[in-house]
Amino acid sequence: MKKQEKIVVALGGNALGRAPEEQIRLVKHTAKPIVDLIEEGHQVILAHGNGPQVGMINLAMSAANAAAAGTPEMPFPECGAMSQGYIGYHLQNAIREEIHNRNLKVPVATVITQVIVDKDDPAFLKPIKPIGAFYAEEEALALMKQHDDYQMVEDAGRGWRRVVASPKPVDVAEKDTVKILMDSGHMVITVGGGGIPVYRDGNALIGIPAVIDKDYSAEKIAELMDADYLIILTTVEKVAINFNTPNETWLDRMTVDEATAYIEDGMFTPGSMLPKVQAAVLFAASKTGRKSLITSLDKAKDGIAGLTGTIITQA
Ligand SMILES: Nc1ncnc2c1ncn2[C@@H]1O[C@H](COP(=O)(O)OP(=O)(O)O)[C@@H](O)[C@H]1O
Ligand SMILES: NC(=O)OP(=O)(O)O
């Protein structure tokens with residue numbers, strides 16, 4: 001029998017979609033590789049992104065739109081919490097249904113999760129995390145005029161997007177809850193959208209406007225739960241060096257040292273592949289025996305079986 005492992009899976013945007021009906025349809029597909037792992041007896045923790053969703057929620061409840069609708073403006077931490085509830089609701093339902101379809105008995109729970117950040121993190125001075133929809137340049141310029149607090153940039157040839165601050169996760173406030181649920185046999189959905197960014201003020205946790213990268217928060221919860229395996233599911237089957245150039249080479253594996261050298265050589269795009277490789281390296285380097293895998297949602301089953309994807313190990 002295969003060794004049963006503690007696995008943290010991080011889901012990218014393609015696992016979720018952009019509108020409620022699309023999300024309900026896509027998460028049915030997303031649930032399958034997750035439940036494959038549960039069926040094999042692994043303990044699974046699920047993290048997910050929220051870039052498009054948190055942007056959508058925040059825009060709908062922005063100062064300008066809220067004033068027109070006569071509703072209150074919604075601060076970013078609250079928008080993050082709403083995105084965790086909205087995405088967790090759909091994921092939890094789809095996974096529950098797939099578990100029932102296979103006659104398994106594993107309860108599923110979504111934990112509204114706060115992630116502690118350093119309020120002096122220099123990331124607050126330089127917004128880099130793309131969120132929300134993609135816009136044409138003229139639309140982006142019009143949005144920046146309408147919303148004083150908007151900064152927008154061109155995102156890797158795909159259109160213009162709003163950028164917000166993205167501090168690094170320091171700790172997970174609900175880690176004990178996640179552990180108790182996991183140890184009692186639950187499949188837990190946590191650190192959704194990287195977690196709601198908060199800082200400590202005495203005994204209080206205070207929300208702070210930002211969006212944490214879910215790849216870093218998935219890595220953080222994986223370390224805190226003493227996981228064996230971090231699996232980052234995205235749109236590409238493998239990681240490439242010299243991506244999108246004539247010398248493009250898709251990698252089956254990287255050691256921590258090799259990946260670190262590629263990072264230093266600027267091989268991975270910030271805001272897309274770079275955080276994934278950095279998270280994968282951090283986890284693989286954190287303890288002997290830990291490994292990370294980056295592959296696509298569609299190839300998840302083969303990747304987990306060791307047939308594809310890019311695996312990152314200590315040596
Ligand atoms: N070196 C690279 N190797 C593979 N893909 C890369 C690389 N650099 C950038 N990418 C791009 O990164 C994308 C995945 O990042 P992103 O779309 O932000 O992921 P997700 O939303 O799944 O978290 C891929 O679809 C690919 O276009
Ligand atoms: N919070 C976050 O990392 O979201 P995306 O994965 O959608 O960018």
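When a ligand or atom number is given, it counts from 1 through the structure's own listing order. Side chains included, hydrogens not; waters and symmetry mates left out as well; all remaining heavy atoms used. The structure presented is a predicted model; accordingly, all values stated were derived computationally and were not measured.
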| query | Out of Gly51, Ser272, Pro275, whose heavy atom is nearest to atom 12 (O) of ligand 1? | reply |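 Shortest heavy-atom distance from atom 12 (O) of ligand 1: Ser272.
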
| Out of Pro270, Gly12, Ala240, whose heavy atom sits nearest atom 1 (N) of ligand 1? |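 Nearest option to atom 1 (N) of ligand 1, by heavy atoms: Ala240.
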
How about [X] and [Y]: do any of their side-chain heavy atoms sit closer than 4.5 Å?
X: Thr113; Y: Ile196; answer: no
X: Thr30; Y: Leu16; answer: no
X: Met267; Y: Leu274; answer: no
X: Leu251; Y: Tyr262; answer: yes
X: Val8; Y: Glu219; answer: no

Any atoms of ligand 1 less than 4.0 Å from a non-hydrogen atom of [X]? List them with their elements.
X: Lys214; result: 23 (O)
X: Gly271; result: 18 (O)
X: Phe268; result: 1 (N)

| message | Are Met82 and Ile206 connected into the same hydrophobic cluster when the rule is that any two of I, L, V, M, F, W, Y join if their side-chain heavy atoms are below 4.5 Å apart? | response |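 Not linked; separate clusters.
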
| request: Check the pair Asp213, Lys129 against salt bridge (charged side-chain N to carboxylate O under 4.0 Å, His left out), reporting the backbone distance first and the verdict last. | output: CA-CA 8 Å; Asp213 197 296; Lys129 173 85 187 156; 3.4 Å; yes

Tell me, which protein residue and heavy-atom name are nearest [atom], and how many Å apart are they?
atom: atom 8 (O) of ligand 2; answer: Lys129 NZ, 2.8 Å
atom: atom 17 (O) of ligand 1; answer: Arg158 NH1, 3.7 Å
atom: atom 20 (P) of ligand 1; answer: Lys276 NZ, 3.5 Å
atom: atom 25 (O) of ligand 1; answer: Thr235 OG1, 2.6 Å
atom: atom 26 (C) of ligand 1; answer: Phe243 CZ, 3.6 Å
atom: atom 4 (O) of ligand 2; answer: Asn50 N, 3.0 Å
atom: atom 21 (O) of ligand 1; answer: Gly13 N, 3.2 Å

| field | Proximity to ligand 2 by part of His48, non-hydrogen separation under 4.0 Å | value |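 The answer is neither.
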
| Within 45° cone of Phe134 ring axis and under 6.0 Å: Arg158 NZ or CZ |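 Arg158 over Phe134 ring: no.
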
Just which atoms of ligand 2 are under 4.0 Å from any heavy atom in [X]?
X: Pro52; value: 7 (O)
X: Gly49; value: 2 (C), 4 (O), 5 (P), 6 (O), 7 (O)
X: Ile212; value: 1 (N), 2 (C), 3 (O)
X: Val211; value: 1 (N)
X: Lys214; value: 1 (N), 2 (C), 3 (O), 6 (O)

Checking the side chain of [X] only, and the main-chain atoms of [Y] only, is there a donor and an acceptor separated by less than 3.5 Å?
X: Glu139; Y: Ala136; answer: yes
X: Glu248; Y: Asn244; answer: yes
X: Asn50; Y: Gly194; answer: no

Check: [X] N/O within less than 3.5 Å of ligand 2 N/O:
X: Asp215; result: no
X: Gly51; result: yes
X: Gly13; result: no
X: Gly193; result: yes

| request: Answer with side chain, backbone, both or neither: which part of Met267 has a heavy atom less than 4.0 angstrom from an atom of ligand 1? | output: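 Near ligand 1, Met267 shows its backbone, while the atoms from C-beta on stay back.
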
| Between Ser286 and Arg290, what is the shortest heavy-atom contact and its length? |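 Ser286 and Arg290 have their closest heavy atoms at OG-NH1, 2.7 Å.
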
| Met56 and Arg18: which non-hydrogen atoms are nearest, and at how many Å? |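 In terms of heavy atoms, the two residues are closest at SD-O, 3.8 Å.
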
| query | Atom CE in Met144, atom CD in Gln151: separation rounded to 0.5 Å? | reply |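 Answer rounded to 0.5 Å: 9.0 Å.
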
| said: Using a plain distance cutoff, I'd like to know if Thr234 has any nitrogen or oxygen under 3.5 Å from a nitrogen or oxygen of ligand 1. | reply: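 Thr234 vs ligand 1: N/O contact under 3.5 Å present.
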
| Below 3.5 angstrom, do we get any N/O pair linking Thr269 and ligand 1? |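 In this structure, Thr269 places an N or O atom under 3.5 Å from an N or O of ligand 1.
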
| message | Run the salt bridge (charged side-chain N to carboxylate O under 4.0 Å, His left out) test on Arg200 and Asp118 for me, step by step, so that the C-alpha distance in whole Å, both residues' side-chain angles and the decisive distance to 0.1 Å come before the verdict. | response | CA-CA 9 Å; Arg200 285 187 218 276; Asp118 175 357; over 6 Å; no

